[in-house]
Protein chains: 2
Amino acid sequence: MVQYTGTRFDASFGALSDATRRGVLEQLGRVDASITDLAKKFHMTLTGMKKHVGVLEQAGLVTTEKVGRVRTCKLGLRRLEEEAAWIERYRQIWAVRFEELDKVIAEQRRKEKVDGRKQRKKRE
Amino acid sequence: MVQYTGTRFDASFGALSDATRRGVLEQLGRVDASITDLAKKFHMTLTGMKKHVGVLEQAGLVTTEKVGRVRTCKLGLRRLEEEAAWIERYRQIWAVRFEELDKVIAEQRRKEKVDGRKQRKKRE
DNA sequence: GGTATACTGAACCATGTGGTTCAGTATGTA
DNA sequence: TACATACTGAACCACATGGTTCAGTATACC
């Protein structure tokens, strides 16, 4: 199986584990922005925002380019394909693992329904 | 729009940002395990593994139950639905954002082709 | 040239993370 | 009872994180 190198997912999931950074991604999905724009939007110093952008850039989720004195940030090339795939695979595993439990629950529901019918019948 | 409370995603994406914890999830997808089992599998002290399990438990990805002296870990109730949805939505935004760029690239390709034809024509 | 804008880097701070060791406690087993 | 097993909690460690301030540098504009 693919050796889940870790470091790549470490970076992307790590980048996503912060609300500000998720916000920045959503914002950049609407329109490109400078560090200043983002810092204002998220009520933070330039330096603080620069660090967040750095993390996102490291994870490949954002790219930046400096023209004159302003650094413009855009969405990067990584589109979270592998991350989506990992989660999907997990959900698959999860579903299989709980199939049995689901059956048990379904069986219980069925019984309850039958019991309910009996109850109603009694009352009739 | 839904106020992305943050803390929930912070916990789940944070939990996923570590290779050992992703490994533990995959392992628990195969079979329930004690702390000792997991510690052995991932070459770590019991205490270290307990912390990882704690993080996963906090994120709702794992549940544990102690019977006698052994604590058994299983997959938890959270099946990463919202996380999958967030990523999907992001991928959607990403696609829209880059549609324009794709068009530009396609246009360039088309031009190049035309130019190539002109070049060939010239040479004829 | 002078002033405002936009970023950058170093340094600091509190807190969190990923691990360890060590010293327990509780439980199973001969 | 004695011994082994399984976990637990406190304390420690080095380093990362999420922020700040402060002192720059580079660029734009009057």
Side-chain angles (χ1 to χ4, degrees), chain A residues 4-28 31-74 76, chain B residues 4-28 31-74 76:
Chain A
Y4 279 109
T5 48
T7 50
R8 182 179 254 168
F9 283 157
D10 288 7
S12 46
F13 283 131
L16 293 180
S17 74
D18 180 273
T20 301
R21 286 193 295 261
R22 288 193 302 275
V24 167
L25 286 182
E26 300 200 8
Q27 185 56 27
L28 294 182
V31 59
D32 297 347
S34 68
I35 304 282
T36 300
D37 295 339
L38 295 171
K40 258 182 201 141
K41 191 106 190 170
F42 295 91
H43 314 102
M44 194 175 294
T45 57
L46 281 178
T47 315
M49 181 48 73
K50 178 114 190 296
K51 283 193 186 178
H52 280 303
V53 169
V55 172
L56 288 165
E57 208 169 1
Q58 205 68 15
L61 296 170
V62 160
T63 55
T64 74
E65 194 194 0
K66 193 164 182 179
V67 174
R69 59 185 169 173
V70 6
R71 176 174 299 277
T72 303
C73 311
K74 325 173 194 276
Chain B
Y4 279 110
T5 47
T7 49
R8 181 180 254 169
F9 283 158
D10 287 6
S12 46
F13 283 132
L16 292 180
S17 73
D18 180 275
T20 301
R21 286 193 294 262
R22 288 193 303 275
V24 167
L25 286 182
E26 301 200 7
Q27 184 57 27
L28 293 181
V31 60
D32 296 348
S34 68
I35 305 281
T36 301
D37 294 339
L38 294 171
K40 258 181 200 143
K41 190 108 190 169
F42 294 91
H43 313 102
M44 196 175 294
T45 57
L46 281 178
T47 313
M49 181 49 73
K50 178 116 190 295
K51 282 193 187 178
H52 280 303
V53 169
V55 172
L56 288 165
E57 207 169 2
Q58 204 69 13
L61 296 169
V62 160
T63 56
T64 73
E65 194 195 1
K66 194 163 182 178
V67 174
R69 60 186 167 172
V70 5
R71 176 174 297 278
T72 302
C73 312
K74 323 174 194 275

*Output the single nucleotide from C:dG19, C:dG28, D:dT8 whose closest atom is nearest the side chain of B:R71.*
D:dT8
*Which part of the nucleic acid, if any, lies within contact of B:T47, taking any heavy atom under 4.0 Å across all strands shown: a base, the sugar-phosphate backbone alone, or nothing?*
base
_Rounded distance (Å) that lies between atom C1' of D:dT17 and atom CG of A:L56_ = 14 Å
*Of the nucleotides C:dG19, C:dG18, D:dG19, which has the atom closest to the A:T20 side chain?*
D:dG19
*For A:T45 and for B:K40, find the nucleotide of DNA chain D with the closest heavy atom, then tell me which residue's nucleotide is more 5'.*
B:K40
_Between C1' on C:dT17 and CG on A:D10, what's the gap in Å once rounded to a whole number?_
13 Å
*Minimum heavy-atom separation for A:T64 to A:R71, with atom names?*
OG1-NH1, 2.9 Å
*A:T63 and A:E57: side chain donor to acceptor below 3.5 Å*: no
*Which of the following nucleotides, D:dG9, D:dG18, C:dG19, is nearest to the side chain of B:K50?*
D:dG9
*Side chain of B:K51 only, please: which of D:dA4, C:dG19, C:dA4 is the nearest?*
C:dG19
*Just how far, in rounded Å, is P of D:dA6 from CZ of B:R69?*
6 Å
*Using a cut-off of strictly less than 4.0 Å, decide whether A:R21 has a side-chain nitrogen or oxygen near OP1 or OP2 of D:dG18.*
yes
*Can you tell me how far the CG atom of A:D18 sits from the OG atom of B:S17, to the nearest 0.5 Å?*
11.5 Å
*Give the minimum heavy-atom separation between B:C73 and B:L28, together with the two atoms involved.*
O-CD2, 3.4 Å
*Give the rounded distance in Å between these two atoms: CG of A:L46 and P of D:dA23.*
17 Å
*Nearest-nucleotide pick for B:D18, side chain only, options being C:dG18, D:dT5, D:dT20*: C:dG18
_Under-4.0 Å side-chain N/O to phosphate OP1/OP2 contact, B:H43 with C:dG19_ = no
*Provide, to the nearest angstrom, the distance between the CG atom belonging to A:D37 and the P atom belonging to C:dA6.*
9 Å
*Nearest listed nucleotide, side chain of B:V70, among D:dT20, D:dA6, C:dT8*: D:dA6
*asked:* Hydrogens and angles aside, do A:T7 and A:D10 bring a side-chain donor and acceptor to less than 3.5 Å of each other?
replied: no
_Atom-pair distance (CE on B:M49; P on C:dT17), nearest Å_ = 17 Å
*Interatomic distance where NZ belongs to B:K66 and C1' belongs to C:dA26 [whole Å]*: 7 Å
*Please work out if A:G68 contacts a base, only the sugar-phosphate, or nothing of the nucleic acid, heavy-atom cut-off 4.0 Å.*
sugar-phosphate
_Categorize A:I35 for me: base, sugar-phosphate, or nothing, with a 4.0 angstrom heavy-atom threshold over every strand shown._
sugar-phosphate
